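Single-structure report; data block below.
Here the structure is a predicted model, which is why all the values come from computation and not from measurement.
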Amino acid sequence: MSGGGTETPVVCEAASGGGGGGGGGKKKDSLGTAGSPAHLIIKDLGEIHSRLLDHRPVIQGETRYFVKEFEEKRGLREMRVLENLKNMIHETNEHTLPTCRETMQDNLNQVLQRLQAATDSVCRLQQRERERNKMHNDHLIASEKQHIMQWEDFMKEQHSKQAEVDEEHRTAMERLKEQYAEMERGLAKYPAFGELEP
């Protein structure tokens with residue numbers, strides 16, 4: 001765009017500078033007339049230059065459209081939204097946050113007290129449970145030892161009873177043997193019974 005500002009005078013100087021030589025009166029007159037071919041060429045060159053190299057009208061049109069779109073058509077809606085946000089943030093900082101902070105402090109103190117009480121209760125319950133488990137384990141250990149001692153006594157008693165039963169059985173067998181031997185001797189006295197024996 002800056003090059004366009006320097007080229008336009010060059011064309012004009014070329015058009016007007018040609019009449020500086022000898023016999024330039026006729027050329028100047030022929031170029032000066034509105035219907036001459038040189039004047040039409042210069043006019044066409046100016047239009048081509050303005051369309052190709054001079055972007056100021058296009059930029060101005062885009063600028064006007066931008067301003068119309070974002071200021072006139074929207075009616076400063078973004079500014080109103082930002083103002084509302086600013087007011088909301090101010091209200092939050094001035095009123096809502098202090099109220100929330102005070103409420104949280106009051107409630108947190110109560111919550112901490114309740115939490116401490118609950119923790120103490122849980123600790124007491126755990127201590128009672130440990131004591132109960134210890135008593136139960138001690139009772140189980142004592143019962144197990146007692147059962148072991150009872151079992152050992154029972155086994156000793158069974159061994160002694162087994163020895164007594166074995167002794168009684170042996171004595172009874174000896175008595176039976178003696179009884180049968182005596183019966184055989186008694187039967188041997190009778191010859192009739194002796195003949196019956198095979």
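Between Asn84 and Met88 there is no side-chain heavy-atom pair separated by less than 4.5 Å. Counting heavy atoms from C-beta on, the side chains of Met135 and His139 never come closer than 4.5 Å.
Evaluation of the ring-ring contact (aromatic ring centres under 6.0 Å, His included) rule for Tyr180 yields no partner, not counting sequence neighbours.
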Take Arg124 and Gln127, measure what side chain to side chain donor-acceptor pair (under 3.5 Å) needs, and give me the verdict at the end. CA-CA 5 Å; Arg124 287 194 298 271; Gln127 183 66 26; over 6 Å; no
Side chain to side chain contact (heavy atoms under 4.5 Å, CB included), that's the test. Do His169 and Met173 meet it? Break it down for me. CA-CA 6 Å; His169 179 70; Met173 290 294 293; 3.7 Å; yes
Does the side chain to side chain contact (heavy atoms under 4.5 Å, CB included) test come out yes or no for Gln179 and Arg175, once each step is laid out? CA-CA 6 Å; Gln179 185 178 357; Arg175 282 199 306 267; 6.0 Å; no
Let me see the working for Gln126 and Glu129 under side chain to side chain contact (heavy atoms under 4.5 Å, CB included), right down to the final yes or no. CA-CA 5 Å; Gln126 288 180 345; Glu129 186 67 21; 5.5 Å; no
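A side-chain hydrogen bond (donor to acceptor under 3.5 Å, both in side chains) with Lys161 is found for exactly one of His159, Glu164, Glu157, namely Glu157.
In this structure, Arg170 pairs ionically with Glu174, as a charged nitrogen and a carboxylate oxygen lie closer than 4.0 Å. Here Lys134 pairs with Asp138 in a salt bridge; the nearest charged N to carboxylate O distance falls below 4.0 Å.
Residue Arg80 holds its CZ atom at 13.0 Å from CG of Leu85, rounded to the nearest 0.5 Å. Distance check: Ile148 CD1 to Asp153 CG gives 12.0 Å after rounding to the nearest 0.5 Å. Here the CG-CZ distance, from Leu125 to Arg132, works out to 8.5 Å after rounding to the nearest 0.5 Å. With rounding to the nearest 0.5 angstrom, the CD atom of Gln146 is 8.0 Å from the CE atom of Met149. The line from CZ of Arg114 to OG of Ser121 is 13.5 Å long, rounded to the nearest 0.5 Å. If you take NE2 on His136 and CD1 on Ile141, they are separated by 10.5 Å, rounding to the nearest 0.5 Å.
For Gln110, the CD atom sits in a packed shell: over 12 heavy atoms of surrounding residues, nucleotides or ligands are nearer than 6.0 Å.
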